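Read through the structure below, which is laid out as structure tokens, and then see the notes.
Everything numeric here is computed off the predicted structure, so don't read it as measured data. Heavy atoms only: backbone and side chains are in, while hydrogens, waters and symmetry mates are out. Starting from 1, each residue takes its place in the sequence as its number.
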Amino acid sequence: MSKYLNDLLQDYTNQFQCSLRCLVKQGEVLFEVGKLTNEANRCEFEFNHMTYVLESVELSEKDLKLISLACMQCLKNEIKTKSNEDILAIALRQELTHLDQRQLTNAFNCEWYGLMLIVDPHNRNDEILDLVKQLSQYYLCVTRVENQLLILMNWEDIEQATIIQQSLESELYILSKVYTSRKITDLSEISSSYDNLCEIKRLATVFYPNKVIIKESDLSLVYTINKLTKAETEKILAETNQEGLKLLDDLENKKMIQVFFDNNLNLAETARQLYIHRNTLIYRLDKLTEVLGLDIRKFDDAFQLSYLMMLMQHVKSTKKLG
């Protein structure tokens, strides 16, 4: 509930020493002091497409009508002082009121939402914010969170994260990291969704250090691996061909494999991006296959290779933390 409205109603109950209840019609109780009976007087008032009900045993309907006018003025004043960006920041603190939710719902008229987090390692957030505001057709509102920018988007536009990231790179020469959430069905989920994005950022730093756009759905396998203990991970790796693991830990091989994955196992495009001949790429992949017994050109084997590399990265990250 609005703090201002709560304070206003509390003042009335203190002044008149009366019972008083305020609720959304056929909805939640927003304020209640004292014991009310079925014989309580009632007054309804409309504001921002919602019906509110005031009830009191001691106060007359006329008194409640006067209080309702004060309530409407209080709600109007609160809306005037809050921008959509302010409400987004409030949602992150889990202090979203029904009025805040109604304001965002009316402003954006979306069925589902998504969050996008932009992280710049050089903290050029002022420049990024100025550019992002020029791309406002792709999102609903934006706010600062620590040294990051958080953007609320219509879920249907979440794929536009690519356009925003590419604009930052081409116009500001900023290679920022962009993280996108899963679908948000209710605005009250914004805070928990942001917490998930922070966890995605942490995990992506370990498992996808070179990736610039990371979706929450990209990390399904990572979440599973992250639950493994160091001992469990090391046991799995100990049962794997050690010579093969050394090849996977080679920087040049790691880059080759990652580019191959990024290009959906496309040989020609991978060779082009690595500036090597296609036959050279095939020779290196054949060597991996010979030692590991896994052919990265086959989907199932590629999945297993990816899993092994993530396990190795998980062991390294736990050692650093230790």
Item to check | Whether over 12 other heavy atoms sit under 6.0 Å from E290 CD | outcome: no
Checklist entry - Is Y283 isolated, or which residues cluster with it under the ILVMFWY side-chain rule of less than 4.5 Å, directly or via members? => result none
Checklist outcome for this item: Across all chains, not counting sequence neighbours, the salt bridge (Lys or Arg N to Asp or Glu O under 4.0 Å) partners of K287 are none
Next on the checklist: Would you say that Y12 contacts L59 through its side chain, given a criterion of any heavy-atom pair below 4.5 Å between the two side chains?
Outcome noted: no
Next on the checklist: Testing the 3.5 Å rule here: is there a donor-acceptor pair between the side chains of Y194 and Q148?
Outcome noted: yes
Checklist entry - Is there a donor-acceptor pair under 3.5 Å between the side chain of N226 and the backbone N or O of V222? => result no
Item to check | Non-hydrogen side-chain atoms of L294 and I296 separated by less than 4.5 Å | outcome: no
Checklist entry - If you look at every heavy atom in K65 and S68, which pair is closest and at what distance? => result O-OG, 2.5 Å
Item to check | side-chain contact (heavy atoms from CB on, under 4.5 Å) between F45 and L69, intermediate numbers included | outcome: CA-CA 8 Å; F45 66 95; L69 294 175; over 6 Å; no
Checklist entry - How would you list, by chain and number, every residue that makes a side-chain contact (heavy atoms from CB on, under 4.5 Å) with N154, sequence neighbours excluded? => result C110, E156, D157
Checklist entry - Just checking, any donor-acceptor pair under 3.5 angstrom between side chains of E189 and T185? => result yes
Item to check | From CA spacing to verdict: side-chain contact (heavy atoms from CB on, under 4.5 Å), F31, L5 | outcome: CA-CA 9 Å; F31 177 89; L5 185 58; over 6 Å; no
Checklist entry - Are E269 and Q273 close enough that some pair of their side-chain heavy atoms sits under 4.5 Å apart? => result yes
Checklist outcome for this item: When rounded to the nearest 0.5 Å, the distance separating CG of L197 from CD1 of I214 is 10.5 Å
Checklist outcome for this item: For T51 and E44 the tightest heavy-atom approach is CG2-OE1, 3.8 Å
Item to check | Path from F303 to L248 over hydrophobic side-chain contacts below 4.5 Å | outcome: yes
Item to check | Same cluster (ILVMFWY, side-chain, under 4.5 Å), L20 and L36 | outcome: no
Next on the checklist: Pairing donors with acceptors under 3.5 angstrom, does anything connect the side chains of D63 and S60?
Outcome noted: yes
Checklist entry - Could you state the interatomic distance from CG (L219) to OH (Y208), rounded to the nearest 0.5 Å? => result 5.5 Å
Checklist entry - Under 6.0 Å from the NZ atom of K183, do we count more than 12 heavy atoms belonging to anything else shown? => result yes
Next on the checklist: Under the criterion side-chain contact (heavy atoms from CB on, under 4.5 Å), I'd like the reasoning laid out for V57 against N41: C-alpha separation, chi angles, the key distance, then a yes or no.
Outcome noted: CA-CA 6 Å; V57 174; N41 295 313; over 6 Å; no
Checklist entry - Roughly how far, to the nearest 0.5 Å, is CD1 of I225 from CE of M312? => result 12.0 Å
Item to check | Expected output: side-chain Q242 to main-chain T240 donor-acceptor under 3.5 Å | outcome: yes
Item to check | Minimum heavy-atom distance between M72 and E46, given as atom pair plus value | outcome: SD-O, 3.5 Å
Next on the checklist: Can you confirm whether the side chains of E58 and S19 place a donor and an acceptor under 3.5 Å from each other?
Outcome noted: yes
Item to check | Criterion side-chain contact (heavy atoms from CB on, under 4.5 Å) on L274 and F260, from CA distance to verdict | outcome: CA-CA 10 Å; L274 291 173; F260 193 52; over 6 Å; no
Checklist entry - With sequence neighbours left out, what residues match E216 under side-chain contact (heavy atoms from CB on, under 4.5 Å)? => result S181, R182, N196, I200, Y223
Next on the checklist: Run the salt bridge (Lys or Arg N to Asp or Glu O under 4.0 Å) test against E199 and tell me which residues pass, sequence neighbours left out.
Outcome noted: R202
Next on the checklist: Using every non-hydrogen atom in the two residues, find where I184 and S193 come nearest and quote the distance to one decimal.
Outcome noted: CD1-OG, 3.5 Å
Next on the checklist: Could you check whether any side-chain heavy atom of I257 comes within less than 4.5 Å of a side-chain heavy atom of L288, counting everything from C-beta outward?
Outcome noted: yes
Checklist entry - Just by modelled atom types, is the N266 backbone N or O under 3.5 Å from a matching donor or acceptor in the N264 side chain? => result no
Item to check | Ion pair check, E232 and K235, cut-off under 4.0 Å | outcome: no
Next on the checklist: To the nearest 0.5 Å, what is the distance between NZ on K246 and CG on N241?
Outcome noted: 10.0 Å
Checklist entry - L23: which other cluster members, linking ILVMFWY side chains closer than 4.5 Å, directly or transitively? => result V29, V53
Item to check | salt bridge (Lys or Arg N to Asp or Glu O under 4.0 Å) evaluation trace for K255 with E252 | outcome: CA-CA 5 Å; K255 181 180 179 182; E252 188 175 352; over 6 Å; no
Item to check | Polar contact flag, side-chain donor to acceptor under 3.5 angstrom, N6-Q10 | outcome: no
Checklist outcome for this item: Residues F261 and A302: closest non-hydrogen pair is CZ-O, 3.5 Å
Item to check | 4.5 Å side-chain heavy-atom contact, I190 and L92 | outcome: yes
Next on the checklist: Which heavy atom of G244 sits nearest to which heavy atom of L292, and what is that distance?
Outcome noted: CA-CD2, 3.6 Å
Checklist entry - Is the number of heavy atoms from other residues, nucleotides or ligands under 6.0 Å of E28 CD greater than 12? => result yes
Next on the checklist: So Y179 and V119, do their side chains get closer than 4.5 Å, heavy atoms only?
Outcome noted: yes
Item to check | Interatomic distance, I282 atom CD1 to T289 atom OG1 [nearest 0.5 angstrom] | outcome: 11.0 Å
Next on the checklist: With salt bridge (Lys or Arg N to Asp or Glu O under 4.0 Å) as the criterion, how do R297 and D295 come out once you've worked through the C-alpha distance, each side chain's angles and the decisive distance to 0.1 Å?
Outcome noted: CA-CA 5 Å; R297 288 157 288 196; D295 188 348; 2.9 Å; yes
Next on the checklist: Treating S167 as the side-chain partner and I163 as the backbone partner, does any N or O pair qualify as donor plus acceptor under 3.5 Å?
Outcome noted: yes
Item to check | Any side-chain heavy-atom pair of L168 and D120 under 4.5 Å | outcome: no
Item to check | K177 side chain vs P209 backbone, donor-acceptor pair below 3.5 Å | outcome: yes
Checklist outcome for this item: Rounded to the nearest 0.5 angstrom, the CD1-CD distance for I213 and Q165 is 4.5 Å
Checklist entry - Would D130 and R124 satisfy salt bridge (Lys or Arg N to Asp or Glu O under 4.0 Å), going step by step from the backbone distance to the final call? => result CA-CA 10 Å; D130 289 341; R124 293 168 60 187; over 6 Å; no
Checklist entry - Should the heavy atoms of other residues, nucleotides or ligands under 6.0 Å from NZ of K211 be counted, would the total exceed 12? => result yes
Checklist entry - Is the closest side-chain heavy-atom distance between V142 and L152 below 4.5 Å? => result no
